[in-house]
*Asks:* 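What follows is a structure written as structure tokens; I'll ask about it next.
In what follows, chains carry the letters A, B, and so on, assigned in the order in which the sequence lines appear, proteins first and then strands, with residues in each chain numbered from 1.
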Amino acid sequence: MSTLLSVNDIHTYYGDSYVLQGLSIHVDEGETLGILGRNGMGKTTLINSIMGFVPPRRGAIHFRGEDITTVSSFDISKMGIGLCPQGRRVFPTLSVRENLLVAQQEHDVGYRWDFKEVYELFPRLGERAGQRAGSLSGGEQQMLAVGRALMTNPSCLIMDEPSEGLAPMIIQDIGNAIQSLKAEGLAVVLVEQNAAFAVKTVDRVCVIANGKVVHESSPQELWANEEVRKTHLGIG
Amino acid sequence: MTTLSFTNILVLSYNSLSYAAILFLLASGLSLIFGVMRIVNLAHAAFFLFAGYLALEFYNIIFGSLSLMPRIIQLVSWTLLYFAWRGLNAYVAPRHAALALLLAYIVLETLCSLAWGFRFFELFFPHVPVKPVDRINFPGMMAAIVVALAIAALCGMFIERFFLRRLGQDTLSQVLVTIGFAFILQDGSLYTWGGDNFMLKQPWPLNFSAVVWGLSLPQYRAFMIVIAVVVAAGLFLGIERTRLGAIMRAAVDDPEMARGIGINTNVVQMAIFAIGALLAATGGVVGGAFFGVYPGLDFEILPYAFAVVIIGGLGSLGGAVLGSIVVGFIENFGTALFPELSYFALFAPMAIILAIKPTGLFGKG
Amino acid sequence: MVENLAEKRRIFIVLGAFVALGAVTPFLDLFMQSLVTEILVFGILAMSLDLLLGFTGLASLGHAAYFGVASYTTAIIMTKEDWTWTFAAFQWADSLGLGLFYIFIFGLVVALAFAAFFGFLAIRAVGVYFLMITLSLAMVIWGLAYRWSAVTEGDNGINVLGRPSLFGISLESEIPFFYFTLAVFLICLGLMYMFVKSPFGKTLVGIREREERMQMLGYNIWLHKYLAFIIAGVFSGVSGVLWTLFNLFVSPPDIELITSAEALFMVALGGPATLVGPVIGSAIIRSLQQFISIYVERWPLILGAIYIITIMLGRLYGVEGILGLFGKFRKPAASPETPEG
Amino acid sequence: MKRKFITIIAALGIAFSAGFGSAQAAEVRIGFIAPMTGIFAQIGKDMSNGFKMYLAHTKNKMGPLDVKFILEDSTGKPAVNVRKALKLIKRDKVHMFIGGLLASTGYALAPVSNRFKVPYISPVPAADDLTQRKLFKHFLRSGFTSSQNSHPLAEWAYDQGYRNVVTIGADYAFGYETVGGFHKAFEARGGKIVKKIWAKLGTKDFGPYLPQIPKDADAIFTLMVGPMSLAFPKQFRAAGFKMPMLGGVTSADEFILPSMGDEALGYVTASQYSAALTTDKNKAFVKEYQQRYGKMASYYSESCYTTGQWVDLTLKKIGYKPDNTDAFLEAFKTIRINAIRGPVYLDAYGNPVHNSYIRRVTRVKGDRLGLGVKPNSLWNLVIKTYPAVGQFWKWPAKEFLKDPVYSKKFPPCPHCK
Amino acid sequence: MTNGQQGLELESVTKHFGGLHAVEDVNLRLNLGERRGILGPNGAGKTTLFHLITGVLPLTSGRIRLFGQDVSGWPTHKRVALGMARTFQITSLFPKLTVLENVLLAVQGLRKMKMVMLKPLYKYKDVYEKAEKLLTDVNFWHLRDQEVRNLSHGEQRQLEIVLALASDPKVLLLDEPSAGLATGESHEMADFLKSLDPGIAILLIEHDLDVIFEVVSHISVLHYGEVLAEGPSDDIRNDPKVQEIYLGKAE
């Protein structure tokens with residue numbers, strides 16, 4: 001399998017705060033990668049760097065072999081990276097349908113994802129199509145965020161803490177959705193604090209601490225590795 | 001204090017509404033630009049004036065070569081329609097696009113036909129004598145308006161792209177740079193068109209008044225109200241009902257996230273500035289046939305635009321509608337009832353509203 | 001002592017410059033003398049705005065209001081004979097050689113009263129809203145000047161027929177009045193300098209930099225801003241009184257929006273939070289207006305271009321005004337991004 | 001930094017004093033203040049062009065003297081006028097300054113002229129009191145007072161059979177005085193002013209005022225300035241009013257006329273000048289002005305041209321000694337000119353006495369009289385001439401001056417509803 | 001008035017933003033000299049709680065007592081005057097001022113002389129001495145003339161606390177003092193916090209567990225705006241509910 005997204009030794013700062021301190025990851029086509037780590041370790045910063053929100057000061061990011069380190073966010077999105085951000089960040093004053101509508105992009109090839117497909121994946125969204133996104137429940141907002149990312153017809157979907165603040169039932173639904181996306185061959189980067197959820201879902205995990213990858217393995221190995229779990233994930 | 005008869009109140013209300021219409025055209029752009037980009041655009045009224053001059057200029061050019069111009073307009077409008085079709089298709093449902101363009105075509109074609117002597121209006125207004133010059137007045141004016149608006153919008157885009165965008169969110173710099181542009185537009189207009197006071201021609205048949213229940217109501221005032229209502233409805237529909245509008249609102253809600261799903265917020269901002277300038281320009285052209293076009297008009301009218309957005313709240317379309325109606329009525333009734341207080345009639349309530357609710361009646365944040 | 005050497009040198013240079021100005025001016029022609037005087041008058045206005053804009057971070061677009069009420073008050077008490085008591089009091093004070101004090105006290109009290117009232121309305125608003133509320137309040141003053149013609153003579157403006165003398169020294173001619181203005185200017189500069197160096201002034205800078213932190217350090221933000229607003233208004237009033245004495249004529253266009261905007265630009269051009277910078281701004285703007293208009297008919301165009309170019313260059317290269325240009329070589333640019341939340 | 005700044009200021013000062021400061025005997029320095037930017041820019045151009053045209057005729061000389069003409073932009077604001085006057089007096093050391101536009105400018109500039117003992121000649125500012133109750137020794141007028149032409153117009157209106165007239169005027173001194181003059185003379189004849197409306201200066205939308213106009217009045221007397229003059233007749237007619245329109249000079253002068261449309265037809269105004277005067281002098285003047293500046297001559301340009309002539313004649317009378325201010329002031333008042341507008345001389349108070357023309361706006365087919373003005377233009381055709389009209393009309397000066405200056409309150413309006 | 005030992009007491013503190021329940025019925029007590037940590041995942045309402053305690057946000061319901069006094073409706077600056085101080089998660093210093101000026105502002109915050117307008121600040125020797133002492137204590141005196149924006153992030157985080165200490169608070173609220181620090185710096189920060197005057201009661205929000213366990217004795221765990229668990233650090237460490245929030249439920 002060929003590499004879809006590769007991040008090579010990036011160093012990212014927020015102002016003076018040195019967040020990513022030489023981090024490298026790669027994602028293969030069709031693969032589901034879990035990125036774990038405690039709060040404040042740089043997971044979201046990694047995503048912001050990939051998306052071009054906060055470009056790294058050093059290092060390079062490639063997508064399908066193209067250097068996207070300094071490309072602007074909207075072009076990165078158009079190249080096929082879909083973002084489902086932390087905290088959902090749906091557009092609250094837009095209706096559900098409009099949230100999906102604004103994300104729709106014109107592609108030369110046909111659309112895989114359109115309203116119909118998204119509503120099939122998340123029937124709840126179809127029921128609430130005319131409702132203002134701000135008035136949705138957390139779980140529905142999460143579905144909308146995923147749906148919105150899918151509307152851009154990405155070949156790589158980045159999900160930042162989709163389980164955050166959701167009830168277990170909903171987390172289950174989201175997990176199922178990810179499974180079905182995976183089955184279609186979509187590459188997924190799943191950033192999670194909720195290790196248990198991530199481990200069930202992904203093919204491979206990276207653990208980040210203090211802006212570096214400190215552990216990389218299959219999810220089963222990670223779950224078995226008491227030490228990594230204790231120092232980098234839980235509080236035990 | 002003067003007392004008013006019932007008829008006077010009716011006429012005053014009509015006048016207030018028509019004044020509010022111009023104010024709305026001016027202030028809605030200001031409000032829009034602020035709402036989306038947080039820019040206080042002090043050059044806004046300069047667009048109002050500038051467009052008036054442009055319309056005047058193109059009106060004269062068109063009338064300079066009567067025989068050819070209508071056909072040229074027709075050609076240009078067909079070309080524009082073609083590109084509009086392509087552009088619209090990307091954003092609205094095909095049947096809506098088709099409907100919009102069909103309407104536009106009928107309007108344009110009617111105008112052009114009028115120019116060739118089609119006595120459409122004479123069928124309905126046989127009592128009004130039509131002079132040959134009147135017949136081409138309307139399409140000529142419309143064509144002039146289109147060109148003027150387009151140029152004003154381009155200027156707006158230019159200023160946004162090369163100046164305001166580079167300033168970031170620094171209010172003070174924005175204020176001073178836009179004042180600088182106000183100076184340049186104002187003095188540039190003076191340089192180009194001289195200091196004569198002009199008045200755009202009111203297109204026939206709008207330059208006479210209709211008599212309703214014994215009140216004579218100038219039709220041009222009705223025309224101003226209609227234009228404002230159409231623009232307000234168009235803005236509302238455009239912002240609330242189209243994909244472009246949704247994109248704009250998304251860019252306001254969360255610009256970073258909007259970029260993250262592939263929306264080029266730079267283009268959106270430029271478009272919004274262009275629309276803002278376009279609205280001011282529309283006001284300028286419509287108002288130019290009513291107020292006149294003369295140097296200094298911009299700084300005279302700017303405080304009123306501010307009054308509207310302050311009262312209505314910045315960045316809210318409904319607020320702009322309400323604000324302009326409030327200002328229109330206060331200005332007309334205040335001046336009629338308390339002529340001595342006409343300068344405070346406006347600013348005193350504004351100060352009070354701000355003191356109570358610093359973000360205006362409808363303001364957010 | 002804590003006050004460092006560089007600061008002492010700066011004070012020395014500035015004072016030296018004004019002493020030099022005082023020495024050179026009598027040798028200039030009459031017009032230049034009055035130009036220098038005018039620059040000083042507007043210098044006070046610009047400095048007072050700097051207290052708000054530069055030191056407190058409040059961009060007011062209505063600063064001409066207090067300038068206006070003070071200058072109108074001055075003109076009114078000096079000319080309105082039918083307002084018996086103010087005029088009689090002025091006559092009496094003038095006969096004692098104290099007319100100027102009377103004018104200043106009266107003008108400043110009125111400016112203070114207006115600033116206190118308007119500040120009360122405006123301080124709650126922030127950012128753009130503050131800008132707009134100050135703008136509209138200043139429009140009220142403008143409307144008052146225009147419309148209350150029983151007092152302000154409306155559009156005609158008020159002609160003041162002469163300047164009161166100071167302890168028997170006539171200020172009618174240019175040079176004495178220049179020295180008088182220079183003295184008032186230096187007093188204002190001194191007071192404002194003390195003010196910005198005082199604990200209160202430092203507090204304002206803190207508020208400008210980080211309001212929520214100042215709150216957490218136990219400061220009553222509203223009160224500090226409010227007082228700063230009033231103080232700036234009073235100094236603006238000083239400038240207004242001087243303007244009436246200088247021009248001997250006041251009319252509504254003196255206090256319209258453009259005057260406020262010009263004051264803002266003087267501050268931005270000279271360098272905010274520098275006190276002396278705005279004076280340089282005033283010198284540049286006033287001289288430009290007097291000189292470009294002689295040679296170029298299209299001077300507003302040039303002025304507009306200067307506005308834009310200055311601000312754009314300042315923004316692109318991170319320079320704050322002309323004085324900032326000198327500091328530029330010392331300090332690296334700041335990066336105002338926020339860390340991950 | 002500071003030092004450098006001082007040096008620059010000083011250097012500039014020295015440079016300018018060297019350039020302009022030194023006075024030479026063989027020149028007369030004339031300052032001219034007019035708005036060259038802002039709302040009134042074009043009027044300012046008309047004014048300066050009129051004066052410049054005179055200088056062009058005399059090849060920039062007045063007798064043996066070279067004329068040094070210094071034009072300053074007043075931007076139309078009284079305070080700036082004062083600043084510029086000070087500049088002209090102090091830096092350019094002018095022998096006299098001419099100009100100003102609004103009545104308020106006249107009130108602002110007259111004291112300046114007195115303070116520095118430099119003659120100020122007002123070709124346009126028409127403030128009544130400057131030649132009536134508030135005389136300034138150094139103030140001279142070559143134009144007119146606001147109410148001067150209103151008095152004969154009132155007489156004419158009465159003669160037309162108008163009895164009930166409503167007035168609408170711009171809410172400032174020029175408006176009060178022009179309307180006041182009409183009011184006083186009209187009621188003196190026995191007519192009635194039934195309503196007086198004051199529209200704030202710069203009114204764009206007359207919506208608040210139009211409903212207040214009684215529909216049954218015989219005529220309306222207006223005093224509009226600048227853009228108001230354009231907007232008013234249009235909105236007035238559009239609101240369905242059919243009554244005849246009378247007006248003060250600025251309501252339909254030659255400056256605004258080319259921009260007006262059919263709504264202005266029949267507008268009757270009074271002035272000491274009309275571009276449509278059929279005298280040879282005027283025809284030559286209009287034609288040349290049109291050729292030089294591409295515009296119709298207006299009373300602004302005529303007045304300033306005549307002022308140039310007047311200054312020239314005065315200098316001649318005092319032997320071309322411009323430094324002799326007192327002699328200049330005296331001589332100026334004794335000159336009689338056969339000007340473009342007709343014969344002119346000053347009364348005892350220093351105000352011109354000249355013909356007052358009642359003019360009606362008429363569209364004239366073709367190029368009228370071959371003057372080169374755009375065909376089918378509107379012209380102020382003279383329909384009646386009142387010769388030698390002074391500022392006090394038919395009243396004796398002493399009696400006239402017992403009344404206060406025309407204002408909102410004077411004359412009182414007994415018939416107003 | 002309950003007892004003299006009482007520092008900060010929250011009673012059913014609740015904050016709703018529209019429909020969002022940011023903080024729900026939180027009861028918390030911090031005695032003088034006590035050190036307590038607040039744990040919780042992102043969005044649990046920790047910073048909102050601080051805003052409520054300091055009065056930046058108004059309460060929806062509930063009551064806050066400081067040293068026995070009900071301060072629920074008080075503005076921030078009055079609460080601070082009672083002896084409370086706080087640091088910010090996002091560094092909140094005066095970037096364009098020097099280190100010394102930063103501290104001086106903090107020192108004069110609770111003194112009456114802050115209203116003096118015409119006497120230069122440098123004439124107040126006592127203020128300077130206090131500032132010098134504070135800076136010397138943390139070995140920052142040599143940095144006094146540096147502009148704060150030129151300091152390293154770690155130094156800024158430390159200065160953040162120095163500013164809070166300047167008013168000699170008895171209750172100190174620390175919002176993630178180690179945010180954005182590298183591992184080594186976090187340890188320094190923990191040591192620094194431990195070295196503070198033991199008389200100061202500290203309420204600490206922190207993600208860096210090493211820091212929190214080192215510094216505090218008691219922990220409250222916040223989840224969805226509610227207190228999920230409370231108790232001594234070691235108990236919390238092993239609490240299965242807390243484990244679940246952090247790791248997710250293991251099957």
*Asks:* Rounded to the nearest 0.5 Å, how far apart are CZ of A:Arg97 and CZ of B:Arg243?
*Replies:* 10.5 Å
*Asks:* Any idea which heavy atoms bring B:Gly262 and A:Lys78 closest together, and the distance?
*Replies:*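 In terms of heavy atoms, the two residues are closest at O-CE, 3.3 Å.
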*Asks:* Are any non-hydrogen side-chain atoms of A:Arg89 and B:Asp253 less than 4.5 angstrom apart?
*Replies:*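 A side-chain contact is absent here, since even the closest heavy-atom pair is not under 4.5 Å.
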*Asks:* Roughly how far, to the nearest 0.5 Å, is the CE atom of A:Met151 from the CD1 atom of B:Ile261?
*Replies:* 10.0 Å
*Asks:* Can you tell if the side chain of B:Met257 reaches within under 4.5 Å of the side chain of A:Phe91, non-hydrogen atoms only?
*Replies:*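 Contact flag for B:Met257/A:Phe91 side chains = yes.
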*Asks:* Of all of B:Thr265, B:Ile263, B:Val252, B:Asn266, which one pairs up most often with chain A through heavy atoms under 4.5 Å apart?
*Replies:*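 Most pairs with chain A among the choices: B:Ile263.
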*Asks:* Can you say whether A:Leu83 sits under 4.5 Å from chain B via the side chain, the backbone, both, or neither, judging by heavy atoms?
*Replies:* both
*Asks:* Determine whether more than 12 heavy atoms belonging to other residues, nucleotides or ligands lie under 6.0 Å from atom CD of B:Glu240.
*Replies:*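 Yes, enclosed.
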*Asks:* State, to 0.1 Å, how close A:Thr93 and B:Arg249 come at their nearest heavy-atom pair, and which atoms those are.
*Replies:*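 Scanning both residues completely, I find the closest heavy atoms to be O-NH1, 3.8 Å.
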*Asks:* Quick one: CG on A:Asp75 to CZ on B:Arg259, what's the gap to the nearest 0.5 Å?
*Replies:*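 It comes to 12.0 Å.
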*Asks:* If you count heavy-atom pairs under 4.5 Å between each of A:Gly52, A:Ser72, A:Ser73 and chain B, which one has the most?
*Replies:*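 Top option by heavy-atom pairs under 4.5 Å: A:Ser73.
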*Asks:* Is it the backbone or the side chain of A:Ala149 that comes under 4.5 Å from a heavy atom of chain B, or both, or neither?
*Replies:* neither
*Asks:* Which one, B:Ala250, B:Ala258, B:Gly245, leads in non-hydrogen pairs under 4.5 Å with chain A?
*Replies:* B:Ala250
